[in-house]
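A short write-up of the structure that comes next.
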Amino acid sequence: MPMEAKATNAPALALADTDINWDRLDKTKFHIIGAILFTAQSALLHPTAVVKTRMQVAGSGLSNMRGISVFEQILKTDGIPGLFRGFGTSAVGSLPGRVLALTSLEVSKDMMLKYTEGLDMPEATRLGIANGVAGMLSNLVSCVYYVPLEVVCQRLMVQGIPGTAVCNGPFDVVRKVIEAEGFRGLYRGFGLTAVTQSPAFALWWGAYGAAQHMIWRSLGYRDDMDKKPSHMEMVTVQATAGLVAGACSSVITTPIDTVKTRLQVMDNFEGGRPSVLKTARTLLKEDGWWGFYRGFGPRFLNMSLYGTTMIVTYELIKRLSVRQ
């Protein structure tokens with residue numbers, strides 16, 4: 001009994017707690033806690049998504065302004081509610097999609113770790129591959145759900161900009177898109193999203209898994225040693241790895257995101273149904289190559305902050321959900 005009490009009250013964290021796998025989680029707690037904490041995190045970052053989206057849309061008059069100036073302009077004209085346009089739809093609509101994404105991420109990562117176990121490769125490489133494949137598969141699965149939600153949310157974010165239809169809430173957006181283009185209108189940019197974001201997610205998760213492992217090793221931690229990291233060390237290392245992964249991903253994916261955003265929100269079909277190639281050509285003609293980096297500042301900030309806060313939140317959720 002004394003030994004059991006001592007083990008239960010020990011504050012030290014095992015290095016294994018930095019990478020908690022699917023079979024160690026209480027699934028119900030994992031999804032409930034995840035829904036609460038990720039919704040709070042999304043609320044903090046939503047204004048940067050609104051600023052980025054408005055800067056990327058043609059005719060907004062904001063494309064050549066700095067991110068902070070766009071932020072001030074929205075605040076001046078629409079107040080604080082303007083910075084949270086589309087958030088309600090995004091928060092509520094993301095709940096089932098988040099369950100789908102997190103489950104597919106953890107299950108596929110667990111499978112890859114078991115499949116690569118025993119292979120002759122450095123542990124950082126093995127973790128990077130397992131995390132990368134899991135990120136790619138999770139994105140492919142969740143795109144089916146998230147692309148229509150993204151189309152609706154982005155249209156709510158750009159209300160009032162020339163070339164976009166005025167809608168009264170998310171259901172009105174869905175109705176008008178289906179009336180104009182049929183059901184496929186809700187999947188504008190689906191191919192571009194799936195083809196480009198899946199490698200980006202693989203890069204993000206792969207970089208995060210490998211970076212975290214290398215940071216721990218550089219600090220002198222090993223799986224088989226008595227020295228254990230503190231909670232503060234764990235949060236700092238995971239936040240640093242997430243920051244690096246998010247910053248790198250934003251640099252690579254912003255041009256694709258700019259084309260996709262335009263493709264999903266514009267309603268002016270004078271040149272025929274919009275396509276990826278037409279949208280890219282128009283963007284190149286209007287602003288040159290720099291046009292593909294419209295909204296880069298807010299997106300860089302959004303993804304860097306998202307990478308840091310998301311992974312710290314995500315790892316906290318997993319630690320809180322470990323089965324006793």
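Every value quoted in this text rests on a predicted model; they were computed, and no experiment measured them.
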#### Entry: side-chain contact (heavy atoms from CB on, under 4.5 Å) evaluation trace for S138 with F201
CA-CA 9 Å; S138 173; F201 270 68; 5.9 Å; no

### Task
Determine whether more than 12 heavy atoms belonging to other residues, nucleotides or ligands lie under 6.0 Å from atom CD1 of I80.
no

### Query
With a cut-off of under 6.0 Å to the ring centre and 45° to the axis, is K318 in cation-pi contact with W22?
no

### Task
Could you list the residues that satisfy side chain to side chain contact (heavy atoms under 4.5 Å, CB included) with A245, not counting sequence neighbours?
W204, A207, Y208

Ion pair check, [X] and [Y], cut-off under 4.0 Å:
X	Y	result
R217	E123	no
R175	E179	yes
D78	R85	yes

Assess the side chains of [X] and [Y]: does a donor N or O sit below 3.5 Å from an acceptor N or O?
X	Y	result
Y314	Q238	no
S321	D26	no
Q41	T313	no

#### Entry: CG-CZ distance between L83 and F71, expressed to the nearest 0.5 angstrom
5.0 Å

### side-chain hydrogen bond (donor to acceptor under 3.5 Å, both in side chains) partners for E117, two or more places apart
none

### Task
For the pair Y221 and W216, name the ring-plane relationship: parallel under 30°, tilted 30 to 60°, perpendicular over 60°.
perpendicular

